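So the structure is just underneath, and the comments pick up after that.
Given the structure is predicted, the values throughout are model-derived calculations rather than measurements. Any value given below was found using the heavy atoms of this structure, including those in side chains, with hydrogens, waters and symmetry copies removed. One-based numbering along the sequence shown.
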Amino acid sequence: MTLVSFSFAIFLLISLFAYYLFPRRFQWVILLLASSIFYAFSGIGNFVFIIFSSFVTFFAATFVSSLNEKLIEKKPLLSKDEFKVEKKVVQRKKRIVLIIMLLLNVGILIFLKYINVLFIHKSLLLPLGISYYTLSLISYFMDVYNSKCEKEKNFLRFYSFVSFFPQLIMGPINRYSALGRQMKEEHAFNFENAKHGIMLILFGAMKKYLIADMLYPRVVDLLGGPVKNLPGVLIVFGVLMYAVYQYADFSGGIDMVLGIAELFGLKMQENFRQPYFSTSLANFWQRWHISLGTWMRDYVFYPFAFIKPMQNLSKWSASHLGKHFARVLPAALANILVFMLVGVWHGPELHFFVWGLYNGLVIAFSDLLSPVFAKMNELLHINVKSRGMHVFRIIRTFIIVNIGWYFDYIIDVKKAFIYLKNTFVHFGSPLVLLNRDYLIQIFGHISYFESQILLVIIGTAIVFAVSILKENKVDVYKKIQEKNIAVRWMAYYLLLALIILSFSFSNGQTGFMYAQY
């Protein structure tokens, strides 16, 4: 059962009726039952993993929280020196629990993701949402560990947060301190929330059906075949179409997830904020898959950047390389580590690691060389705050991001480098994209393909227009709601009509790209 199936629509309606018709104090129970039913459709055996990981994390966090509480209780009764000794004992016990918790949770994830690498002839399907709920579990434990979040006393309430069904397919990676607390509250039906949720679902479905599914599989697979002598113009076309497909598929799915959560009165963390209007690669990753980025920042970047060896490196840099390197070098190394881990998180293939390393190195060197760039701008008398410079930075970032997609998209790393070379050395004529005979060899029935591309252009134009408005701080939904009833209903029906029209070209059963992670 997926988000884009008729069975899911029936399941969602029944869940909503039960959620609002039963006494509100049972709402979390309804969510728990609905999530269990949803998860059962992915395979009963998958329950073993999610329940085991939830159980381990819940009781590990409970134990660590009790250690924190006892230390606080003892503090007034101990001298300063005695308290320091007691604190060290507690920290040692907490670290042991932390290591055990990480070994069990991350160990399961690594084993299931990498079993194909370790044992070539064996293959296991990943339990639904394991990458997402594992990171949510770790964030809950770390927040309790650092006394940033109160422990949950009821295991079933905690499990209802972990297994909340919309987030299991592709995230976002929610924090217990935000979503978990909301799920403990009682929610009355709110018509405004419902309207906004439905609009989000329709807009996300439009992205998925009208754009992503139109490009999959023929256009998306353009660079996936055995041919290595494609001209650069076709390679660039394929990478750009992949960029459109990936954004429409992932952000469309997230819109649907956020909309579904809103129907239950729950607000999830946003996961996209107009990423292709970013002015740097670092800025791009602050806008794309935001929940993963903030998770890596809080639980990998900061802890690594502030460990003693990094602090020693900072002090050494201050005396040998200057204040700028003292401040930036630990962060640069932390960024490289973060993006290598992000690449590994996506999968065991080498191309993901190379993609992550590419992003980490670009961000690291851009930070390290920022004084050089600033000096160049000064010498060339460039107004860095001008509109033209802002547009230039957006275009530059777009190119840098799409170079990275070569390694994300093309599984064979050697082939990715060949295609990258062809892009710059053997670009060819852009007119090849207008040669029908050549395109028929590549895509097959060209008239059908042209109709698909037309729909993609329409959908992309709508998404682009909405993104421009949002980038300029315009609340598009609010603006629509301020119009008369005819305009409001037309917005809903336009999205619905485009979704239905897309069914003429796609069965809508391609699934979501990020569900595999």
Side-chain angles (χ1 to χ4, degrees), residues 113-114 116-117 120 123 126 131 170 211-251 275-276 278 281 284-285 288-289 292 336 339-363 396-428 430 432-433 438-439 441-444 449 452-453 456 460 510-517:
K113 277 203 168 190
Y114 283 80
N116 288 340
V117 177
I120 296 174
S123 178
L126 282 176
S131 292
M170 69 194 80
I211 303 176
D213 281 4
M214 291 298 100
L215 294 173
Y216 186 90
R218 286 197 295 171
V219 178
V220 174
D221 284 349
L222 172 61
L223 307 185
V227 181
K228 292 186 178 180
N229 60 350
L230 287 175
V233 62
L234 264 184
I235 295 168
V236 170
F237 175 76
V239 171
L240 290 176
M241 290 302 98
Y242 172 74
V244 173
Y245 159 74
Q246 181 181 215
Y247 177 69
D249 188 272
F250 193 15
S251 72
Y276 285 116
S278 304
L281 188 59
F284 177 84
W285 289 111
W288 178 286
H289 208 339
L292 178 61
I336 293 172
F339 279 98
M340 285 194 298
L341 289 176
V342 169
V344 171
W345 177 81
H346 277 77
E349 295 86 2
L350 178 61
H351 71 103
F352 283 132
F353 179 81
V354 175
W355 167 77
L357 183 61
Y358 164 82
N359 282 278
L361 288 173
V362 170
I363 293 174
R396 177 194 63 189
T397 303
F398 182 78
I399 293 170
I400 291 171
V401 168
N402 277 274
I403 289 174
W405 292 148
Y406 279 70
F407 303 104
D408 177 53
Y409 174 22
I410 303 169
I411 296 175
D412 185 340
V413 174
K414 182 179 178 181
K415 184 178 177 182
F417 278 108
I418 292 172
Y419 278 174
L420 194 57
K421 176 188 173 183
N422 288 355
T423 298
F424 294 100
V425 178
H426 304 293
F427 190 77
V432 74
L433 295 175
Y438 185 75
L439 292 179
Q441 295 177 28
I442 301 294
F443 298 109
F449 169 73
Q452 288 178 292
I453 290 297
V456 169
T460 303
T510 58
F512 288 96
M513 176 186 178
Y514 267 71
Q516 64 184 309
Y517 301 134

Return the [atom1] to [atom2] distance between [X] and [Y], rounded to the nearest 0.5 Å.
| X | Y | atom1 | atom2 | answer |
| --- | --- | --- | --- | --- |
| T397 | L281 | OG1 | CG | 7.5 Å |
| I418 | I410 | CD1 | CD1 | 10.0 Å |
| Q246 | M241 | CD | CE | 13.5 Å |
| L292 | S131 | CG | OG | 10.0 Å |

For residues F407 and L420, report the shortest heavy-atom separation together with the two atoms involved.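 F407 and L420 have their closest heavy atoms at CZ-CD2, 4.1 Å.
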Could you tell me which non-hydrogen atom of A248 sits nearest to which non-hydrogen atom of I211, and how far apart they are?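 Smallest interatomic distance, heavy atoms only, reads CB-CG2, 3.6 Å.
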List the steps, then state whether side-chain contact (heavy atoms from CB on, under 4.5 Å) holds for V401 with F398. CA-CA 5 Å; V401 168; F398 182 78; 5.9 Å; no
Is there side-chain contact between Y358 and I400, with at least one heavy-atom pair below 4.5 Å?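 Yes, at least one pair of side-chain atoms sits under 4.5 Å.
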Residues in ring-ring contact (aromatic ring centres under 6.0 Å, His included) with [X], at least two apart?
| X | answer |
| --- | --- |
| F427 | none |
| F284 | Y276, W288 |
| H346 | F352, W355, Y514, Y517 |

Is there a side-chain contact (heavy atoms from CB on, under 4.5 Å) between L215 and I453? Walk through the geometry before answering. CA-CA 8 Å; L215 294 173; I453 290 297; 4.3 Å; yes
Contacts of type side-chain hydrogen bond (donor to acceptor under 3.5 Å, both in side chains), residue T423, not counting sequence neighbours: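 For T423 the side-chain hydrogen bond (donor to acceptor under 3.5 Å, both in side chains) partners, ignoring immediate neighbours, are Y406.
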Go through the structure and list residues passing side-chain hydrogen bond (donor to acceptor under 3.5 Å, both in side chains) with H351, not counting sequence neighbours.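 Residues passing side-chain hydrogen bond (donor to acceptor under 3.5 Å, both in side chains) with H351: none at all.
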For the pair D249 (side chain) and M513 (backbone), establish whether a donor and an acceptor sit closer than 3.5 Å, ignoring hydrogens and angles.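 Yes, because the side chain of D249 sits within donor-acceptor range (under 3.5 Å) of the backbone of M513.
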Candidate pair Y245 and M214, rule side-chain contact (heavy atoms from CB on, under 4.5 Å), full reasoning: CA-CA 9 Å; Y245 159 74; M214 291 298 100; over 6 Å; no
Exercise: do N402 and Y242 side chains pair donor with acceptor under 3.5 Å: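 Looking only at side-chain atoms, Y242 and N402 do not form any donor-acceptor pair under 3.5 Å.
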By side-chain contact (heavy atoms from CB on, under 4.5 Å), which residues pair with L361, not counting sequence neighbours?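 Partners of L361 under the side-chain contact (heavy atoms from CB on, under 4.5 Å) test: I336, L357, F365.
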